[in-house]
Structure formats: C-alpha cells, structure tokens
Undergrad: 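Before we start, here is the structure in question, set down as structure tokens.
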Amino acid sequence: MSLRLLSRAPLHRPALAIRRVATANNASAGAGTDAANAISTPLEKKEEKPAVQKDEDKQGYQYGTFHWTLERASAIALIPLFSTQLIYGAHPICDGLLGMVVPYHCYLGFDACITDYIQKRNYPRMNRFANWTNFGLTGLVMWGCFEFNTNEIGLTEFIQRMWTA
C-alpha cells in the first residue's frame, strides 16, 4: 500500500462485534446460527445523558451575551455619574447611584474572573464558594455605601475631603 493511500485511510474504524459460531463443541451459541450472523453491525456507543440538566448548563451563549451587555452598561453608566459629580459637586442622588453602580460593576468584574479562572467543571466547590463570597461581599459593600451616604457625609464629599487633605 502506498503512502498516499495510507494518508487517505480513515483513522477510526468502528469495532465489529463477533458472535460465537455454533459448532458441535459449542452448544451455548445456539443451534441454527450460521456464519453470516457471526459478524454483526458495528457496536453502537451509548451516550449517557444526565437525567436533569441544571439551569446553569442550559444558559450557554445567551447568558454570556447578557453578562457582557451588563458589564458594558455598568461601565457606561459610570461615565455620567463621575462627570456629574465633578461638575456639580456632591449630590445625594448621584451618591446613591454611585453606591450601587460601582459595587455592581466590581461584582461583574470579579464574576468574570471567577468564571475564567475557577471553572465549575474543575473546581466545583471552590467555584461555588467564590461565587457566594462575591455575592455576599457585594451586598455588604452596597449596604455600607447606603449607610455611609445616609448617615455620614456621602461618597463624593468623602472623596473631595480625601483629595484636598
């Protein structure tokens, strides 16, 4: 066989199941079987499918696109918030929005890092722990920003005082 024919040959050939041919010495194969039935069709591989797919597995590309859009929207929302604070000074509504958008933007960024570097298929427990930690810390930061904005001087005024100190 030439090299050219070998290069075109398929690399994978399905295995054939060979049944035992009935002979006088082999009564367990059953009487009446002939050589034509000895070689059957290729074996079919059975793919095991999970009984119930989780919602996370079903999300796929649509979830990734939605996540990407939310990241960009939170980044674009920060531009007018920061520029408004620089132009007009401290304002409680802008402080409240900053106290929500900045932690949410950080949450999305850390979520992308967790998705990339602590994959669920490789580290299922660590992934779950990291996601819950990210979620919990984001909630605590938002609550802290709310408390700081309502009971103290506010985020913008605090940054102005730190800048001039």
Side-chain angles (χ1 to χ4, degrees), residues 3 6-18 40-165:
L3 244 21
L6 285 176
S7 65
R8 291 184 180 178
L11 296 176
H12 172 71
R13 293 185 183 176
L16 296 176
I18 299 176
S40 65
T41 58
L43 293 175
E44 295 178 11
K45 294 182 181 179
K46 294 181 180 178
E47 295 182 15
E48 295 180 15
K49 295 181 181 178
V52 177
Q53 288 184 346
K54 296 182 180 178
D55 292 337
E56 298 167 1
D57 298 337
K58 292 181 181 177
Q59 292 173 350
Y61 294 116
Q62 186 178 10
Y63 176 73
T65 303
F66 183 68
H67 193 273
W68 186 87
T69 304
L70 287 178
E71 284 178 345
R72 299 309 171 264
S74 67
I76 291 171
L78 288 173
I79 296 170
L81 286 174
F82 281 124
S83 61
T84 303
Q85 298 289 359
L86 288 173
I87 295 170
Y88 297 113
H91 193 273
I93 294 176
C94 288
D95 281 344
L97 288 174
L98 275 176
M100 291 178 63
V101 175
V102 170
Y104 182 68
H105 181 72
C106 293
Y107 168 79
L108 291 174
F110 282 121
D111 187 44
C113 291
I114 290 168
T115 302
D116 289 344
Y117 296 110
I118 308 175
Q119 289 102 5
K120 188 174 183 179
R121 67 177 177 268
N122 294 337
Y123 311 103
R125 290 182 182 166
M126 187 62 147
N127 180 278
R128 188 172 183 179
F129 175 75
N131 279 326
W132 277 104
T133 303
N134 187 22
F135 184 73
L137 289 177
T138 302
L140 285 174
V141 169
M142 284 184 176
W143 177 68
C145 288
F146 171 76
E147 288 292 324
F148 192 75
N149 284 332
T150 55
N151 299 329
E152 297 293 330
I153 58 176
L155 291 174
T156 307
E157 185 67 29
F158 175 73
I159 292 170
Q160 286 176 352
R161 288 185 185 182
M162 290 294 292
W163 192 268
T164 57

Undergrad: Can you name the nearest heavy-atom pair linking His91 to Gln85, along with the distance?
TA: N-OE1, 3.8 Å
Undergrad: Can any side-chain N or O of Asp95 pair as donor or acceptor with the backbone N or O of Asn149 at less than 3.5 Å?
TA: no
Undergrad: If you count the non-hydrogen atoms of other residues, nucleotides and ligands that lie under 6.0 Å from CD1 in Ile93, is the total more than 12?
TA: no
Undergrad: Whether the side chain of Asn134 engages the backbone of Ala130 through a donor-acceptor N/O pair (distance < 3.5 Å, no angle test) should be reported.
TA: no
Undergrad: Provide the closest heavy-atom pair for Ala77 versus Leu81 in the form atom of the first, atom of the second, distance.
TA: O-CG, 3.4 Å
Undergrad: With Arg121, which residues qualify under side-chain contact (heavy atoms from CB on, under 4.5 Å), at least two apart?
TA: Gln119
Undergrad: So, taking the atom named CD1 in Ile118 and the one named CZ in Phe129, what distance separates them when rounded to the nearest 0.5 Å?
TA: 9.5 Å
Undergrad: Which heavy atom of Gln160 sits nearest to which heavy atom of Ala90, and what is that distance?
TA: NE2-N, 4.2 Å
Undergrad: Any idea how Trp132 and Phe135 line up, ring-wise: parallel (<30°), tilted (30 to 60°), or perpendicular (>60°)?
TA: perpendicular
Undergrad: Count the heavy atoms of every other residue, nucleotide or ligand shown that sit under 6.0 Å from CE of Met142, and state whether that count exceeds 12.
TA: yes
Undergrad: Can you tell me if Arg128 has over 12 outside heavy atoms packed within less than 6.0 Å of its CZ?
TA: no
Undergrad: Taking all heavy atoms of Pro103 and all of Cys145, pick out the closest pair and write down the distance.
TA: CG-SG, 4.4 Å
Undergrad: Using a cut-off of 6.0 Å, state whether more than 12 heavy atoms not belonging to Phe148 lie near its atom CZ.
TA: yes
Undergrad: Is Val141 close to Tyr107 at the side-chain level, that is, under 4.5 Å between some pair of heavy atoms?
TA: no
Undergrad: Taking side chain as C-beta onward, heavy atoms only, is Leu108 less than 4.5 Å from His67?
TA: yes
